There are 2 protein chains.
Amino acid sequence: MKLTNKGRYAVMAMADLAQFKDNGPISLTDISLRQNISLAYLEQIFIKLKQENLVKSVRGAKGGYVLESPPEEIKISNIISAVDEKIKTLNCKKESKKGCNNKSSKCITHNLWDQLDQHINSFFEKVKLQDLVKKNQMVDR
Amino acid sequence: MKLTNKGRYAVMAMADLAQFKDNGPISLTDISLRQNISLAYLEQIFIKLKQENLVKSVRGAKGGYVLESPPEEIKISNIISAVDEKIKTLNCKKESKKGCNNKSSKCITHNLWDQLDQHINSFFEKVKLQDLVKKNQMVDR
DNA sequence: GCAATTCCTACCTTTTCAGTATGAATTAAA
DNA sequence: TTTAATTCATACTGAAAAGGTAGGAATTGC
């Protein structure tokens with residue numbers, strides 16, 4: 001899993017969508033203003049969110065986006081992996097150029113980084129969009 | 001905590017040092033060959049490892065580096081934070097430019113990213129250098 | 001003295017992030 | 001039916017950072 005601000009923006013935008021989900025389609029202009037993210041950038045992000053079926057779009061005036069599923073069913077991990085192209089977790093799998101090219105079984109940190117990745121993933125799997133909007137407070141602990 | 005290949009290289013190099021710790025000072029040339037990391041890059045990394053008292057150096061011919069502590073006492077987190085300048089966890093604390101500048105308490109993802117950071121940190125706190133060298137196998141789950 | 005090493009610092013190249021720019025297609029509403 | 005609000009699509013750009021090079025100085029065992 002890759003982690004960038006883009007992923008964070010996506011989460012923010014989705015949370016915004018969840019928060020106002022009863023107002024019909026939410027335009028990116030609205031989100032842009034509320035979350036302070038450039039409109040054009042949001043557009044790019046939403047293209048991907050749509051491709052992954054996390055949102056659906058309504059075109060034309062009064063259009064916008066709506067969540068595909070209820071907020072309590074949307075995992076943060078899905079949002080992030082939708083916009084931050086998965087490949088490369090900062091590991092050594094980058095096809096044999098550098099990294100794990102020593103004969104075999106070398107690269108002593110390989111397993112470690114793999115496990116970290118799983119760790120981060122499972123962290124974001126446990127959190128749902130709903131957890132972010134309710135009282136703006138996270139799951140405790 | 002920031003995660004880059006540099007941090008991974010540092011861990012690899014330290015693991016190498018642990019593996020050959022009974023051979024006296026290990027030269028960066030050796031590590032460079034075994035781990036396939038450029039010598040000059042290793043030099044930069046080791047300057048920092050030394051600053052953080054993770055290794056000590058022996059100058060001159062037949063010189064090299066040795067671990068400051070036994071491998072079972074060295075946390076991976078210390079290695080990584082030694083070389084990857086801590087600041088910026090990819091969160092919103094970047095002084096009010098963008099990000100958490102909305103009045104107050106906004107930025108719905110703030111807590112989430114904070115918690116992730118703690119998660120990653122505690123992951124690397126639990127793993128010791130020793131865990132990497134023994135059988136090249138990680139602590140089980 | 002010489003070769004092997006650490007130390008130091010400046011530079012360079014490539015990639016990626018984050019964001020702009022531009023324009024088209026679609027549609028509600030005036 | 002025109003206009004304004006929107007999504008859709010794609011190409012470009014600027015800045016920063018990652019990853020690494022280059023060159024030389026200082027130290028020390030042999």
Side-chain angles (χ1 to χ4, degrees), chain A residues 2-13 17 23-33 35-52 54-66 80 83-92 94-95 97-99, chain B residues 2-13 17 23-33 35-51 54-66 80 83-92 94 97-99:
Chain A
K2 202 164 102 189
L3 295 174
T4 67
N5 268 320
K6 194 187 220 167
R8 204 165 62 79
Y9 286 164
V11 175
M12 287 167 75
L17 231 49
N23 298 13
I26 308 292
S27 76
L28 294 190
T29 311
D30 287 357
I31 300 180
S32 168
L33 292 173
Q35 304 299 331
N36 195 34
I37 305 169
S38 102
L39 175 60
Y41 204 30
L42 274 176
E43 286 174 351
Q44 293 176 61
I45 289 171
F46 271 80
I47 298 268
K48 302 204 176 170
L49 292 176
K50 192 185 167 191
Q51 279 167 2
E52 297 298 314
L54 291 169
V55 297
K56 60 187 162 198
S57 66
V58 179
R59 301 191 66 171
K62 292 284 172 187
Y65 288 93
V66 266
I80 292 175
V83 299
D84 277 338
E85 9 272 322
K86 15 239 129 211
I87 1 151
K88 171 189 171 186
T89 317
L90 181 58
N91 53 13
C92 21
K94 44 174 68 167
E95 51 257 26
K97 192 105 165 288
K98 282 277 171 100
Chain B
K2 202 164 102 188
L3 295 174
T4 67
N5 267 321
K6 194 187 220 168
R8 204 165 62 78
Y9 286 165
V11 175
M12 287 167 75
L17 232 49
N23 298 12
I26 307 293
S27 76
L28 294 188
T29 310
D30 286 357
I31 299 180
S32 169
L33 292 173
Q35 304 299 332
N36 196 33
I37 305 169
S38 100
L39 174 61
Y41 204 29
L42 274 176
E43 286 175 351
Q44 293 177 63
I45 289 171
F46 271 81
I47 298 272
K48 304 204 175 171
L49 292 176
K50 192 186 166 189
Q51 279 166 2
L54 291 168
V55 297
K56 60 187 161 196
S57 65
V58 178
R59 301 191 67 172
K62 291 285 171 186
Y65 288 92
V66 267
I80 292 174
V83 299
D84 278 336
E85 11 272 322
K86 16 238 129 212
I87 358 144
K88 171 190 172 189
T89 318
L90 183 56
N91 55 12
C92 20
K94 44 174 68 170
K97 193 104 166 288
K98 281 276 170 99

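Because the structure is a prediction, the values reported are computed rather than measured. Chain letters run A, B, ... following the sequence lines, proteins first and then strands; every chain starts at 1. Only heavy atoms go into these numbers, but all of them, side chains included; no hydrogens, no water, no symmetry mates.
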Just the atom pairs and distances: protein N or O near nucleotides 13-16 of chain D's N or O, under 3.5 Å.
none

Distances under 3.5 Å between protein N/O atoms and the N/O atoms of nucleotides 2-5 of chain C, please, pair by pair.
| residue | atom | partner | partner atom | Å |
| --- | --- | --- | --- | --- |
| C:dA4 | N3 | B:Ala61 | N | 3.3 |

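In this structure, B:Asn5 places its CG atom 18 Å from P of C:dT14, rounding to the nearest Å. To the nearest angstrom, P of C:dT20 lies 14 Å from NZ of A:Lys6. Rounded to whole Å, atom P of D:dT7 lies 16 Å from atom NZ of A:Lys56. A:Tyr41 has its OH atom 17 Å from the C1' atom of D:dA9, to the nearest Å. Between A:Leu3 atom CG and C:dC17 atom C1' the separation is 14 Å, expressed in whole Å. If you measure from atom CG of B:Leu42 to atom P of C:dC7, you get 13 Å, rounded to the nearest angstrom. Between the P atom of D:dA11 and the CD atom of A:Glu43 lies a distance of 16 Å, rounded to the nearest Å. For A:Lys48 and D:dT7, the NZ to P distance is 18 Å, given to the nearest whole Å.
Here the CD1-OH distance, from A:Ile45 to A:Tyr9, works out to 8.0 Å after rounding to the nearest 0.5 Å. Atom CD1 of B:Ile37 sits about 5.0 Å away from atom CG of B:Leu42, to the nearest 0.5 Å. To the nearest 0.5 Å, the span separating OG on B:Ser27 from CG on B:Leu33 amounts to 8.0 Å. Of the inter-residue distances, the one linking A:Lys6 atom NZ with A:Ile80 atom CD1 reads 13.5 Å to the nearest 0.5 angstrom. Rounded to the nearest 0.5 angstrom, A:Tyr65 OH and A:Leu49 CG are separated by 8.5 Å.
Nearest heavy atoms, A:Ser32 versus A:Ser38: OG-C, 4.1 Å.
Put simply, the side chain of A:Ile31 reaches to within 4.5 Å of the side chain of A:Phe46, judged on heavy atoms. Contact check for A:Tyr41 versus A:Asn5: no side-chain heavy atoms found under the 4.5 Å cut-off. In this structure, the side chains of A:Ile47 and A:Gln51 come closer than 4.5 Å at one or more pairs of heavy atoms.
At the phosphate of C:dC17, neither OP1 nor OP2 sits under 4.0 Å from any side-chain N or O atom of A:Tyr9.
Looking at the side chain of B:Thr4, the nearest of the listed nucleotides C:dC8, D:dT7, D:dG19 is D:dG19.
If you find the closest nucleotide of DNA chain D to A:Gln44 and to A:Lys50, the one lying nearer the 5' end belongs to A:Lys50.
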